[in-house]
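Everything below concerns the one structure shown next.
All values reported here derive from a predicted model rather than from experimental measurement. By convention in this document, chain letters (A, B, ...) are assigned in the order of the sequence lines, proteins followed by strands, and residues within each chain are numbered from 1.
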Amino acid sequence: MNSQTTIKQEFHFGRFYTRWQRILAPYVFISPFFILFLVFGLFPMLFSIYVSMTSWDAISGLGGMKFVGLDNYRFLFLEDTAFWNSVKQTAYIALISGLPQHLIAIPLAFIIHTGMKKMQAFVTAIYFAPFVTSVAAIAAVFGTLYSERSGVLNWLVLEVFNKIPLLNSIIPDDPIRWLGDRHLVPISISILVIWRYTGWNTVLYLAGLQAISQDLYEAAEVDGASRFERFRYITLPLLRPTMFTAFTFTIIGNMQLFAEPFLLVNTSGGVANSGRTSVMYLWDNAFNNLLFGDAATQTWVLFAIIITLTIINNQIFARLRND
Amino acid sequence: MKARTLIAFGLAAAAITGLVAAQGGMKKISIAAFPSLDEAVKIAMPALKKKFPNYEIELVALQYGDHHQALTTALATGQGLHDIEAVEIGFVGKFAEGGGLEDLNKAPYNAKALKAQFVDYTVGQATASDGRYIGLPADIGPGTTFYRKDILDNAGVNASELTSWEGYIAAGKKIQAKNPKIFLINSAASAAGLIWRSNIPAGEGIFFSKDNKVLVGPDSARWVKAFTVAKQIRDAKLDAKIGEWSNEWYEGFKGGTVATQFSGAWLQGHFQNWMAPETKGLWRVQDLPDGAYAPWGGSFYTIPTASKNKKEAWDIIRFLTTDRAQQIAAFKGNGAFPALKAAWSDTSFNEAVPFLGGQKARLLWKAAAQKIKPLDVNKYDSVAQTIVETQLTAVLDEGKDIKAALSEARAEIEKRARR
């Protein structure tokens with residue numbers, strides 16, 4: 001009797017199991033993504049919307065949140081000149097560090113793609129290396145390069161270039177203040193950013209180039225197109241989708257610039273806040289000033305700005321395609 | 001039947017093990033700290049184990065910035081807090097105003113009775129505006145002037161000249177006239193920072209008065225002086241324009257290209273251990289210019305309200321801060337200047353400091369520590385500080401008018417603090 005019930009139970013259980021397995025299994029298998037997304041993606045987003053409508057001195061705990069409605073947004077749009085100044089500086093740094101990345105990366109990728117066969121992987125790896133190097137180490141090295149009194153750059157300018165006749169007439173005799181002049185700080189930051197991300201873009205463009213059929217080039221060559229003409233009339237138009245992707249990455253990444261300027265000019269943001277990006281400003285508000293409500297508001301406004309810029313970028317490329 | 005018995009046995013066994021564990025087991029207490037306070041805790045560990053054999057004490061150390069950022073987020077959510085949280089003096093006022101840390105004035109702590117044992121200003125610093133007292137002081141940093149005696153001698157400068165700002169700047173000019181490669185100070189901003197946070201009447205803050213009035217402005221003698229002295233130093237090209245805690249800063253000390261440094265007494269330990277050990281015997285210390293006495297670093301132990309082992313945490317922090325032997329051990333082993341006044345009578349305070357050329361520097365620091373007054377802390381202090389620093393760089397680097405810069409700073413601070 002005992003054995004009989006066991007068999008029966010097993011049979012029932014088995015049927016039950018197969019039926020539910022069929023229905024549930026797919027959900028169970030995709031659940032890790034959704035659980036992680038809910039916990040680390042959706043929840044923080046919704047929570048930060050709520051935080052942006054509170055005045056929250058974070059150290060007083062969750063109970064210290066005071067609902068203030070849209071007052072943080074009112075302050076941000078009407079009174080917070082420091083935030084808009086940081087947006088202006090971020091956009092400026094994004095532009096002067098973003099454009100050169102692509103102006104260098106596209107021809108560079110073209111040269112690597114067409115001119116190199118055996119060395120291609122090696123050269124690409126070298127250009128890609130800054131992208132995978134620790135940003136703290138990079139900032140420390142650039143900090144020493146830029147140093148006003150003991151930096152290598154100023155040594156070059158003052159001790160080497162300034163000793164060359166003719167050249168010395170246009171070079172100033174005082175040390176150049178790479179990180180001490182409000183006009184130079186954004187440029188110094190941009191040089192680091194360009195150096196760091198050009199390799200990444202080169203890799204993107206290389207992938208794009210490899211997708212262009214070789215037949216087109218051969219046909220053009222037969223028709224007598226020069227190397228430049230082939231670049232201008234075949235490569236550039238066909239690279240447009242890659243350019244769109246790469247530009248989008250640059251816009252998003254540069255508008256969220258944080259670690260590089262943060263480590264180069266520290267929390268204060270450099271002379272006259274010339275190196276203070278929006279993310280640095282909101283980080284400072286959250287963790288130094290403990291104004292989490294304001295910081296959350298700033299993230300959402302920054303998000304809206306980035307979305308807008310991405311849509312504009314999208315529109316420009318759509319129009320180019322139609323032309 | 002068989003299975004049931006097994007389960008019953010299992011449950012019983014688990015219950016018994018649990019009981020045994022609870023009775024004979026250790027209470028796990030965690031301490032979160034940052035360098036070099038974590039060293040002081042490590043030094044105290046054997047004594048703690050002896051004093052509290054039933055506590056299993058776990059030390060969690062993070063870097064200074066990371067520790068306070070982690071503590072901020074932990075307090076925000078009430079999650080992930082340790083039983084004891086160390087807080088540096090720059091954060092203690094801010095954290096006092098929030099509600100996440102225990103008020104040690106209340107029972108069962110009754111810390112009121114202990115306060116007289118500590119340096120006065122630490123008590124004021126850890127007291128919130130509503131009277132709650134949130135931390136016992138582990139160590140303090142009396143502000144002091146470090147100077148290179150050899151460089152001063154070489155330029156014919158007497159150290160007493162450094163006790164007024166006029167004399168300080170004049171000395172810098174003499175030093176540079178003798179050797180143009182030697183600067184008086186790392187950055188003019190350091191002098192400004194010292195002036196604007198010293199000689200403040202008790203109970204008043206750096207940026208705000210007790211009733212939240214903004215003290216920064218062109219009509220404040222303290223603020224005008226801070227900006228003016230910094231500007232004079234910069235105009236005379238006496239500062240090396242290097243930030244503290246940067247490689248250039250260390251190089252300046254190693255290479256002997258910076259003649260003076262205002263800092264906490266603890267800087268001597270850093271010099272000796274890693275920054276510039278080769279300059280042993282060349283440095284001396286004296287009081288800050290213009291009779292200023294300022295706190296320069298220091299740390300506190302606090303107990304989060306969310307801690308589940310408050311009694312044990314209190315036992316430990318009271319032992320670490322009020323046990324004379326512990327404070328002396330931390331001082332000898334880690335250079336942490338005791339906040340406990342009773343520790344100062346130890347013979348080591350009368351000893352000559354070899355790194356400072358045999359100077360009895362600790363007596364000087366002891367006297368200075370007693371003259372430091374507590375500063376009133378405001379929620380918007382760090383907002384104000386960023387605004388003021390921005391205006392100072394505009395004055396130093398771009399020649400902005402001092403009165404205009406201070407007026408703008410006031411307007412900006414008022415706008416932010418009005419909310």
Side-chain angles (χ1 to χ4, degrees), chain A residues 47 51 55-65 68 71-72 74-75 78-82 85 140-141 143-144 146-151 174-175 177 179-185 263 265-274 276 280-281 283-294, chain B residues 65 68-79 81 87 90-91 94-101 181 183 189 237 239-248 251-252 255 257 304-306 379-387 389-394 396-398 400 412 415-416 418-419:
Chain A
F47 185 64
V51 172
S55 164
W56 185 23
D57 185 356
I59 46 173
S60 49
L62 291 170
M65 293 171 103
V68 293
D71 188 61
N72 289 337
R74 182 201 60 77
F75 180 79
L78 298 182
E79 294 189 64
D80 198 349
T81 42
N85 182 45
V141 171
T144 357
Y146 287 141
S147 163
E148 201 178 320
R149 306 263 190 218
S150 57
D174 285 327
R177 303 167 59 211
L179 296 174
D181 180 296
R182 77 153 83 194
H183 303 291
L184 279 177
V185 168
L263 291 166
V265 297
N266 79 46
T267 345
S268 69
V271 192
N273 293 326
S274 52
R276 184 163 72 177
M280 278 170 77
Y281 180 63
W283 182 89
D284 193 48
N285 268 327
F287 290 104
N288 275 333
N289 302 339
L290 303 175
L291 302 168
F292 273 57
D294 285 299
Chain B
H68 290 95
Q69 194 176 328
L71 180 54
T72 305
T73 31
L75 284 169
T77 56
Q79 298 293 318
L81 286 157
V87 178
F91 286 85
K94 259 189 276 190
F95 284 0
E97 298 301 328
L101 300 169
K181 287 224 157 87
F183 295 97
K237 299 190 170 158
D239 70 325
K241 296 186 194 170
I242 50 185
E244 291 182 3
W245 306 105
S246 66
N247 279 325
E248 293 183 274
E251 288 305 318
T257 53
T305 306
K379 187 181 155 193
Y380 287 102
D381 273 351
S382 57
V383 175
Q385 179 156 347
T386 314
I387 292 169
E389 281 170 357
T390 302
Q391 291 297 341
L392 180 65
T393 54
L396 294 181
D397 292 315
E398 304 184 318
K400 188 172 183 171
E412 185 79 6
K415 191 169 78 186
R416 297 302 304 259
R418 208 185 315 135
R419 306 181 70 215

Counting heavy-atom pairs under 4.5 angstrom with chain A, the leader among L71(B), L75(B), I387(B) is L75(B)
Please flag which part of T144(A) lies under 4.5 Å from any non-hydrogen atom of chain B: side chain, backbone, both or neither. neither
Less than 4.5 Å to any heavy atom of chain A: does that hold for the side chain of E412(B), its backbone, both, or neither? side chain
Here the pair of heavy atoms bringing N289(A) nearest to S382(B) is OD1-OG, 2.7 Å
Which of K400(B), K241(B), E389(B) touches chain A most, by non-hydrogen pairs under 4.5 Å: K241(B)
Validation row: K415(B), D80(A) side chains within 4.5 angstrom (heavy atoms): no
Contacting region of L179(A) [heavy-atom separation from chain B under 4.5 Å]: neither
Heavy-atom pair of closest approach, residues K94(B) and I59(A): O-CD1, 2.9 Å
What part of L290(A) lies closer than 4.5 angstrom to a heavy atom of chain B: side chain, backbone, both or neither? side chain
If we only count heavy atoms from C-beta on, is the Y281(A) to T386(B) side-chain gap below 4.5 Å? no
Select, from D181(A), V68(A), N72(A), the one with the greatest count of heavy-atom pairs under 4.5 Å involving chain B. N72(A)
If you measure from CZ on R177(A) to CG on D397(B), what distance do you get to the nearest 0.5 Å? 4.5 Å
Which atoms of T305(B) come close to chain A, meaning under 4.5 Å heavy atom to heavy atom: side chain ones, backbone ones, both, or neither? neither
Separation between CZ (R416(B)) and CG (N285(A)), nearest 0.5 Å, reads 5.0 Å
Evaluate the side-chain proximity of Q385(B) to N288(A): yes if any heavy-atom separation is below 4.5 Å, no if none is. no
